[in-house]
There are 2 protein chains.
Amino acid sequence: MKVRDVAEATGCSIGSVYNEFGDFDGLILTVNRETVQALTARLKAVPAGDPLRQLHGLAEAYLGFATEHANLLRSLFEHRMEDDRPFPEDILAMVMDAFALMHAPLVRLLPDRDPDDVALLSRMMFSAVHGIISLGLEERMVAVPPEKLRERLAQFVDTHLAGLGITRDV
Amino acid sequence: MKVRDVAEATGCSIGSVYNEFGDFDGLILTVNRETVQALTARLKAVPAGDPLRQLHGLAEAYLGFATEHANLLRSLFEHRMEDDRPFPEDILAMVMDAFALMHAPLVRLLPDRDPDDVALLSRMMFSAVHGIISLGLEERMVAVPPEKLRERLAQFVDTHLAGLGITRDV
DNA sequence: GCTTGAAAATGAACATTGTTCAAGAAGAAT
DNA sequence: ATTCTTCTTGAACAATGTTCATTTTCAAGC
């Protein structure tokens with residue numbers, strides 16, 4: 001993304017882009033805000049009935065979003081601020097909210113565990129899924145063949161939940 | 001990293017940097033080759049005695065390397081080639097080799113499973129660990145508090161192995 | 001309708017950084 | 001010493017983020 005391209009695409013001048021977004025970081029961050037909102041909306045659309053099914057739905061929704069918007073997700077997770085400025089709190093909070101969507105179903109599946117512990121477990125699981133998907137979707141250094149990614153991801157979730165003592169057949 | 005900085009640091013001219021590395025990508029890729037070699041060396045240094053202990057050692061070694069060389073790892077995994085040129089095969093192969101180091105201990109722990117299946121499992125596990133570490137080490141969007149990362153990572157490995165039917169107490 | 005002052009828009013000019021290449025320096029061969 | 005090859009240099013160029021004096025817009029007041 002280039003400032004001049006944005007200016008041309010919106011039919012205004014370069015200066016106007018700067019009036020609107022401040023600087024290049026501001027432009028990127030605006031896009032990233034929309035990205036995390038769209039991702040959150042998609043994750044929230046996963047039905048909340050069966051918690052196990054919900055967790056699989058969340059992982060699949062994340063995979064779907066990552067497949068369709070690989071560049072946007074990369075921008076969200078890989079963009080560095082200029083001059084070591086701090087990352088905006090509001091985006092951080094929004095990402096945390098998205099992460100937290102995994103928390104509820106996990107709590108239902110692990111009613112006896114310390115909620116703080118479950119919170120950490122859900123973040124670990126989210127991070128793991130994120131790693132599998134982001135590496136898996138890179139054409140290069142294919143960790144897992146993309147066409148198999150969907151079923152492998154489901155297998156991973158099942159395996160990890162089994163490790164937590166949760167079995168599908170209860 | 002800037003071409004002019006490299007030129008000044010090595011005491012030669014800008015043109016000489018281009019004679020040596022071709023272009024900016026070539027410069028980055030040279031660094032990335034050293035990075036993956038250093039990472040592989042570190043992973044290979046993990047003793048191979050007990051396969052379960054080895055897996056934990058690999059995860060911990062990865063965490064250690066990522067902690068000490070966060071920028072190098074980011075360059076390795078996040079750098080995009082200019083003009084959509086293909087990613088160099090040799091680096092891809094080296095990364096795959098590093099990934100494969102998880103394969104051997106997993107095969108020993110899962111002697112009855114199809115080796116191809118275990119190969120995929122090990123890649124999934126590597127990707128998951130990569131995701132946990134790379135998100136965990138970002139100051140921003142802290143998925144898991146860095147100071148707890150080490151023990152949480154070990155817990156994750158244990159949980160996942162448990163899900164694969166492997167228990168510590170055999 | 002004209003004046004005026006604030007607000008917004010503009011794009012030329014600047015700074016940084018990757019890239020090229022003609023000119024020069026260094027060295028080897030005869 | 002001459003010539004040829006190879007390497008080195010850094011000025012100049014291209015792309016792109018950034019600034020800011022100037023211009024335009026427009027609403028308020030008369």
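So that the names make sense, note that chain A is the first sequence line, chain B the second, and so on, each numbered from 1. Just so we're clear, the structure is a prediction, and the values are computed from it rather than from any experiment.
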How many whole angstroms separate atom [atom1] of [X] from atom [atom2] of [N]?
{"X": "Glu82(B)", "N": "dT19(C)", "atom1": "CD", "atom2": "P", "answer": "6 Å"}
{"X": "Arg85(A)", "N": "dG17(D)", "atom1": "CZ", "atom2": "P", "answer": "14 Å"}
{"X": "Asp5(B)", "N": "dT16(C)", "atom1": "CG", "atom2": "C1'", "answer": "11 Å"}
{"X": "Arg4(B)", "N": "dG18(C)", "atom1": "CZ", "atom2": "P", "answer": "7 Å"}
{"X": "His79(A)", "N": "dG17(D)", "atom1": "NE2", "atom2": "C1'", "answer": "13 Å"}
{"X": "Ile28(B)", "N": "dT17(C)", "atom1": "CD1", "atom2": "P", "answer": "14 Å"}
{"X": "Asp23(B)", "N": "dT17(C)", "atom1": "CG", "atom2": "P", "answer": "18 Å"}
{"X": "Ile14(A)", "N": "dT16(D)", "atom1": "CD1", "atom2": "C1'", "answer": "9 Å"}

Output yes when a side-chain donor or acceptor of [X] lies under 3.5 Å from a complementary backbone atom of [Y], and no otherwise.
{"X": "Asp83(A)", "Y": "Arg85(A)", "answer": "no"}
{"X": "His103(B)", "Y": "Phe99(B)", "answer": "no"}
{"X": "Ser16(B)", "Y": "Cys12(B)", "answer": "no"}

Give the nucleotide from the list [options] with an atom nearest to the side chain of [X].
{"X": "Tyr18(A)", "options": "dT19(D), dT9(D), dA12(D)", "result": "dT19(D)"}
{"X": "Ser13(B)", "options": "dT17(C), dG10(D), dT10(C)", "result": "dG10(D)"}
{"X": "Val3(B)", "options": "dG11(C), dT19(C), dT10(C)", "result": "dT19(C)"}

Open item on the list: Check for me whether the distance between the ring centres of His79(A) and Phe87(A) falls short of 6.0 Å.
Closed with: no
Open item on the list: Both Asn19(A) and Lys2(A) contact DNA chain D. Which one's nearest nucleotide lies toward the 5' end?
Closed with: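 Residue closer to the 5' terminus by nearest nucleotide: Lys2(A).
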Open item on the list: Is there a side-chain contact between Ser16(B) and the phosphate of dT9(D), meaning an N or O under 4.0 Å from OP1 or OP2?
Closed with: yes
